[in-house]
Amino acid sequence: MSDQPRNAVLAMDEREPPYDSPEKQPQTLTRNRHIDDILYVAGRAPVEGQTQYDIMFIAAAVDEDEATQHSVTTFGYRINQPAEYLKGATGIIKDVALRAGLDIDRCYYTSVCKWLLPRTKRVRPPVKILKWGLPILMDEIKRTKPKIIVCLGKQAFDLLSDRKIGFDDAHGGWFWSTEAQAHLYLMYAPFSLVGKPELYETFRIDFMEIARKKKLLDGEQIQDIPVRYDVIRDEQSLRDWVARMEELYDDRIPGVDAEHLLFAVDSH
């Protein structure tokens with residue numbers, strides 16, 4: 001019989017801070033430590049000695065695997081082990097990101113709620129709970145100075161974005177955060193990929209866009225694909241457009257996107 005790790009032991013309980021006592025709100029966190037008998041988990045800085053990162057990933061709340069310090073073997077021995085970030089989706093997430101040219105293991109990773117919430121609150125923590133962790137997060141952003149902040153879920157995005165916008169409208173676009181002084185990008189939460197493997201391509205495109213944005217911010221020249229949009233407002237405009245397409249494409253059919261009586265033509 002092998003003495004393999006049997007189960008993980010949490011470094012903290014599902015205990016919550018006094019949300020109605022703002023005077024007790026922690027303002028900074030540079031390492032894992034107990035504050036009022038609650039263990040707060042600091043963000044992951046993967047490169048030893050490096051304090052600033054171009055890309056920061058922010059989740060809504062700490063997961064159990066991120067709060068684990070050791071495992072218990074079959075015979076009851078404890079084995080120290082580092083916390084595992086995004087464990088439930090690690091293999092898939094890292095694979096998608098690497099295929100898109102982005103190494104997550106070299107990016108800063110943190111969460112808004114740095115204490116272990118009850119399971120029922122981890123996926124979508126209420127605003128009251130999120131705001132308790134905001135001072136620590138803003139101090140973390142100030143120290144890390146990321147150029148790009150990737151929000152893994154709408155909760156983190158809403159805290160940092162200058163405007164209120166729905167997930168479907170915000171996903172895939174870039175937004176500037178005045179408070180964080182960084183470019184924001186909204187993605188699905190990692191557990192979405194575990195439950196919906198069909199989102200693999202969506203994650204890959206997101207990571208490609210993040211890698212592209214980083215290259216642009218680093219000063220690399222990236223060739224843009226020219227796109228032309230025409231708006232058809234009346235019958236004559238439509239006839240003129242059809243005639244122009246026949247001339248340009250010589251009987252080839254261009255792609256047409258029709259929505260709300262508007263026609264958009266992508267020449268590529």
Side-chain angles (χ1 to χ4, degrees), residues 8 10-12 14 40-46 53-68 81-126 129-130 133 136-137 140-141 144 146 148-161 166-168 170-175 180 182-214:
L10 298 182
M12 56 182 174
E14 296 175 346
Y40 287 75
V41 179
R44 183 196 66 172
Y53 291 82
D54 290 339
I55 301 177
M56 171 187 279
F57 286 86
I58 302 179
V62 167
D63 198 6
E64 289 182 2
D65 297 307
E66 299 163 11
T68 300
Q81 64 179 37
E84 298 186 57
Y85 294 84
L86 299 172
K87 180 179 179 181
T90 293
I92 307 176
I93 291 288
K94 288 185 177 180
D95 176 72
V96 180
L98 287 174
R99 288 175 183 270
L102 189 66
D103 186 357
I104 293 182
D105 283 337
R106 299 192 68 81
C107 300
Y108 195 93
Y109 176 85
T110 189
S111 58
V112 181
C113 303
K114 301 181 184 301
W115 57 100
L116 190 62
L117 291 170
R119 289 177 181 271
T120 56
K121 298 180 181 179
R122 286 179 210 161
V123 177
R124 293 181 178 85
I129 294 178
L130 291 167
I136 294 180
L137 179 64
E140 199 170 18
I141 292 173
T144 308
I148 295 172
I149 294 178
V150 181
C151 300
L152 299 173
K154 189 70 162 43
Q155 289 76 24
F157 180 84
D158 286 340
L159 286 175
L160 300 175
S161 176
F167 180 92
D168 291 338
H171 180 222
W174 287 99
F175 300 85
H183 300 273
L184 295 184
Y185 191 87
L186 174 61
M187 290 183 60
Y188 283 98
F191 64 81
S192 301
L193 183 56
V194 179
K196 298 181 178 179
E198 63 271 20
L199 289 177
Y200 185 99
E201 184 65 13
T202 300
F203 273 78
R204 188 184 70 85
I205 293 173
D206 284 337
F207 285 128
M208 287 180 62
E209 176 58 23
I210 295 167
R212 186 192 72 88
K213 184 71 170 181
K214 183 180 183 303

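Summarising the geometry, atom CD1 belonging to Ile210 is positioned 13.0 Å from atom CG belonging to Asp54; distances are rounded to the nearest 0.5 Å. Separation of atoms NZ (Lys214) and NE2 (His183) is listed at 12.5 Å; rounding is to 0.5 Å. The line from CD1 of Ile93 to CG of Leu98 is 11.0 Å long, rounded to the nearest 0.5 Å. Distance SG/Cys113 to OH/Tyr40: 10.0 Å, rounded to 0.5 Å.
Counting heavy atoms from C-beta on, the side chains of Ile104 and Tyr109 never come closer than 4.5 Å. For the pair Trp115/Ile129, a side-chain contact is recorded, criterion being any heavy-atom separation below 4.5 Å from C-beta on. The shortest side-chain heavy-atom distance between Leu102 and Ile55 falls under the 4.5 Å cut-off.
Relative ring orientation between Tyr185 and Trp174 is described as tilted, the plane-to-plane angle lying within the 30° to 60° band. Between Tyr188 and Phe167, the ring planes lie tilted relative to each other; the angle falls in the 30° to 60° range.
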Determine, stepwise, if the pair Gln155 / Val112 fulfils side chain to side chain contact (heavy atoms under 4.5 Å, CB included).
CA-CA 9 Å; Gln155 289 76 24; Val112 181; over 6 Å; no
Stepwise, does the side chain to side chain contact (heavy atoms under 4.5 Å, CB included) test hold for Leu116 with Arg122?
CA-CA 8 Å; Leu116 190 62; Arg122 286 179 210 161; 3.7 Å; yes
Before giving the answer on side chain to side chain contact (heavy atoms under 4.5 Å, CB included), spell out for Lys154 and Phe157 the whole-Å C-alpha distance, their side-chain angles and the decisive distance to 0.1 Å.
CA-CA 5 Å; Lys154 189 70 162 43; Phe157 180 84; 4.3 Å; yes
Just do the side chain to side chain contact (heavy atoms under 4.5 Å, CB included) check on Ile58 and Leu159 with the steps written out, would you?
CA-CA 11 Å; Ile58 302 179; Leu159 286 175; over 6 Å; no
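With sequence neighbours excluded, no residue forms a salt bridge (charged side-chain N to carboxylate O under 4.0 Å, His left out) with Glu198.
In this structure, Thr144 contributes its side chain and Glu140 its backbone to a donor-acceptor pair below 3.5 Å. Judged purely by atom type and a 3.5 angstrom limit, Ser192 uses its side chain to pair as donor or acceptor with the backbone of Ala189.
A side-chain N or O of Asp95 and one of Tyr200 form a donor-acceptor pair less than 3.5 Å apart.
Under 4.0 Å is where a charged nitrogen must lie from a carboxylate oxygen, and between Asp105 and Arg44 at least one such pair does.
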